[in-house]
Amino acid sequence: DVTGLFFRLSTPVEYEAMDEEPVDLVFLLLTPEQSGADHLRALSRISRLLKDQDLCARIRNCARRQDIYTLLAGPQTVDINIQPKSRAAA
């Protein structure tokens, strides 16, 4: 199984991003060695999601963790199987 963790940073960090903008939305994928290409499919899907500037703006404006979860687990993420955790980033 692929496990993903999402973080919305309260203070953006400088990172050598292609757009040269500070980073405030972070997604971490954890996979077992034998997961094959599952991590690549998940990474591709997450990459497409976070390229959506409207979605990113909505995530940044969420006041509650559950609202972020709802955005990330909406119909556009049906093949990622996102599960909420009690200590998710807000």
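These numbers come from the heavy atoms of this one structure, side chains and all, not from hydrogens, waters or symmetry mates. For clarity, every value in this text was computed on a predicted model and none was experimentally measured.
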For a 4.5 angstrom cut-off between non-hydrogen side-chain atoms, does [X] reach [Y]?
{"X": "Cys62", "Y": "Arg8", "result": "yes"}
{"X": "Pro12", "Y": "Val23", "result": "no"}
{"X": "Val13", "Y": "Pro22", "result": "no"}
{"X": "Asp67", "Y": "Leu71", "result": "no"}

Practice item. Consider only side-chain heavy atoms of I, L, V, M, F, W and Y, link residues closer than 4.5 Å, and tell whether Tyr15 and Leu5 are in one cluster. Key: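 Yes, because Tyr15 and Leu5 connect within a single hydrophobic cluster, where side-chain heavy atoms sit under 4.5 Å apart.
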Point-to-point distance, once rounded to the nearest 0.5 Å, from CD1 of Ile46 to NZ of Lys51: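 Those atoms lie 13.0 Å apart.
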field: Distance in Å, Glu33 CD paired with His39 NE2, rounded so as to fall on 0.5 Å steps
entry: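 Between atom CD of Glu33 and atom NE2 of His39 there are 11.0 Å.
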Q | Heavy-atom closest pair, residues Gln53 and Leu50 | A |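 For Gln53 versus Leu50, the nearest heavy atoms are NE2-O, 4.3 Å.
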- What pair of heavy atoms forms the shortest contact from Val2 to Ala42, and how long is it?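 So the two residues come closest at CG1-CB, 4.0 Å.
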Run the salt bridge (Lys or Arg N to Asp or Glu O under 4.0 Å) test against Asp38 and tell me which residues pass, sequence neighbours left out.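 So Asp38 forms a salt bridge (Lys or Arg N to Asp or Glu O under 4.0 Å) with Arg41.
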Can you name the residues that form a side chain to side chain contact (heavy atoms under 4.5 Å, CB included) with [X], not counting sequence neighbours?
{"X": "Asn61", "answer": "none"}
{"X": "Leu43", "answer": "Leu29"}
{"X": "Asp1", "answer": "none"}

Item checked: Residue list, side-chain hydrogen bond (donor to acceptor under 3.5 Å, both in side chains) with Asp24, at least two apart or on another chain ->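 For Asp24, the residues satisfying side-chain hydrogen bond (donor to acceptor under 3.5 Å, both in side chains) (neighbours in sequence not counted) are Arg60.
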| said: Which residue is it: Val26, Ile59, Leu28? I am looking for the one with a side-chain contact (heavy atoms from CB on, under 4.5 Å) to Phe6. | reply: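 When Val26, Ile59, Leu28 are each tested with Phe6, the side-chain contact (heavy atoms from CB on, under 4.5 Å) holds only for Ile59.
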